[in-house]
Amino acid sequence: MRIALFGATGSTGKFVIEEALRQGHSLSVYTRDARKLQALRGRIDIVVGDLQDKDAIAKCLHGSDAVISALGPNSLKVQGDRPVMHGLSNIIAVMKKSKVRRLIQISTAAYRDPKDGFAFNVRAFALLFSLIARKGFEDIRATAELIAKSDLDWTLVRIPNLKDGPAAGVIDTGWYGRTQLGMKLSRGNLAKFLVEQIDDARFIRAAPGIADH
Ligand SMILES: NC(=O)c1ccc[n+]([C@@H]2O[C@H](COP(=O)([O-])OP(=O)(O)OC[C@H]3O[C@@H](n4cnc5c(N)ncnc54)[C@H](OP(=O)(O)O)[C@@H]3O)[C@@H](O)[C@H]2O)c1
């Protein structure tokens with residue numbers, strides 16, 4: 001399959017590129033700075049643009065079967081009003097026009113799924129994050145709400161703290177407060193789960209939490 005990938009230049013994005021290529025997919029990668037992907041030239045197609053540029057987004061999506069987005073607010077330095085949510089709004093508009101239906105987006109416990117129960121540690125962590133990085137928290141939540149309201153075949157993959165590391169061992173998937181989920185996830189395991197969602201219908205229109213076992 002052909003995947004349009006957003007957020008490829010981040011720490012997780014690089015794992016997603018390697019995992020997608022390993023699984024035999026081809027990649028059209030969107031970035032605002034192609035220099036960050038210099039080392040991958042020849043292995044992936046690169047489209048340069050910002051998240052407001054619908055023509056460039058359409059070029060990236062052309063011929064793609066699915067979109068994976070590892071876009072997320074850059075730590076504490078969020079510029080402007082919910083930039084990732086506004087970017088996803090443009091990506092969704094282009095997906096509808098291009099008839100690409102599958103969208104897989106990284107998210108967090110900032111978004112509550114109706115199937116969640118009450119998990120004290122998860123709520124406490126979300127509250128702490130909302131206090132330390134309010135703009136990032138609001139952007140992640142608004143992005144997830146926008147996607148969940150769309151009529152696309154979406155999956156929101158909700159994650160805890162990330163660490164660099166390979167896809168190794170078992171991961172747990174489920175709903176906060178209902179499933180025992182740890183507080184750590186390797187970027188390799190996250191990348192593998194994201195790419196596997198391309199042809200797995202189990203979590204369509206769902207927001208599973210995932211974590212290293
Ligand atoms: N790190 C953690 O422990 C953790 C925990 C929970 C959730 N998350 C979420 O998991 C995802 C991946 O994490 P990560 O550590 O790989 O993140 P990261 O290294 O910060 O990567 C974020 C990506 O989003 C892009 N991006 C951010 N704001 C943008 C904007 N306004 N316009 C265009 N592109 C933009 C960045 O592009 P540039 O390279 O051009 O800046 C980069 O490719 C993010 O959504 C993050 O919010 C991370």
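Counting convention: from 1, in listed order, for ligands and their atoms alike. Not measured: the values here are computed from a predicted model.
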Exercise. Without hydrogens or angle criteria, can the side chains of T155 and Q197 be said to hold a donor-acceptor pair below 3.5 Å?
Worked result: no
[atom1]/[X] to [atom2]/[Y] distance, rounded to the nearest 0.5 angstrom?
X	Y	atom1	atom2	value
D139	M85	CG	CE	7.0 Å
K192	Q23	NZ	CD	7.0 Å
H62	S98	NE2	OG	9.0 Å

Problem set entry | Option whose closest heavy atom lies nearest to atom 39 (O) of ligand 1, chosen from T143, D33, I159, T9 | T9
Problem set entry | Shortest heavy-atom approach to atom 30 (C) of ligand 1 - which of R32, R82, Q52, M85 | R32
Is [X] close enough to touch ligand 1? Criterion: a residue heavy atom under 4.0 Å from a ligand atom.
X	result
G136	no
G87	no
L71	yes
Q79	no

Exercise. Which heavy atom in L194 sits nearest to a heavy atom in I68, and how many Å separate them?
Worked result: O-CD1, 3.9 Å
Look at [atom] and say which protein heavy atom is nearest, naming residue and atom and giving the distance to 0.1 Å.
atom	value
atom 1 (N) of ligand 1	R187 NH2, 3.4 Å
atom 44 (C) of ligand 1	G72 CA, 3.6 Å
atom 3 (O) of ligand 1	L162 N, 2.9 Å
atom 14 (P) of ligand 1	T12 OG1, 3.6 Å
atom 18 (P) of ligand 1	G10 CA, 4.0 Å
atom 20 (O) of ligand 1	N74 ND2, 3.7 Å
atom 6 (C) of ligand 1	P160 O, 3.6 Å

Problem set entry | Any non-hydrogen protein atom less than 4.0 Å away from atom 24 (O) of ligand 1 | yes
Which atoms of ligand 1 sit under 4.0 Å from any heavy atom of [X]?
X	value
N161	3 (O)
P83	31 (N)
K36	38 (P), 39 (O), 40 (O), 41 (O)
A70	11 (C), 12 (C), 23 (C), 44 (C), 45 (O)

Determine whether the side chain, the backbone, both or neither of [X] has a heavy atom under 4.0 Å from any heavy atom of ligand 1.
X	result
L51	side chain
S11	both
T108	side chain

Problem set entry | Backbone or side-chain N or O of G7 under 3.5 Å from ligand 1 N or O | yes
Seminar exercise, completed: Paired with T12, the side chain to side chain contact (heavy atoms under 4.5 Å, CB included) test is passed by just one of I106, D164, I159, L185, namely I106
Salt bridge or not for [X] and [Y], using N-O below 4.0 Å?
X	Y	result
K135	E138	no
R43	E18	yes
D53	K59	no
R32	D50	no
E145	K149	no
D151	R205	no

Exercise. For atom CZ of R134, is the number of surrounding heavy atoms from other residues, nucleotides or ligands below 6.0 Å larger than 12?
Worked result: no
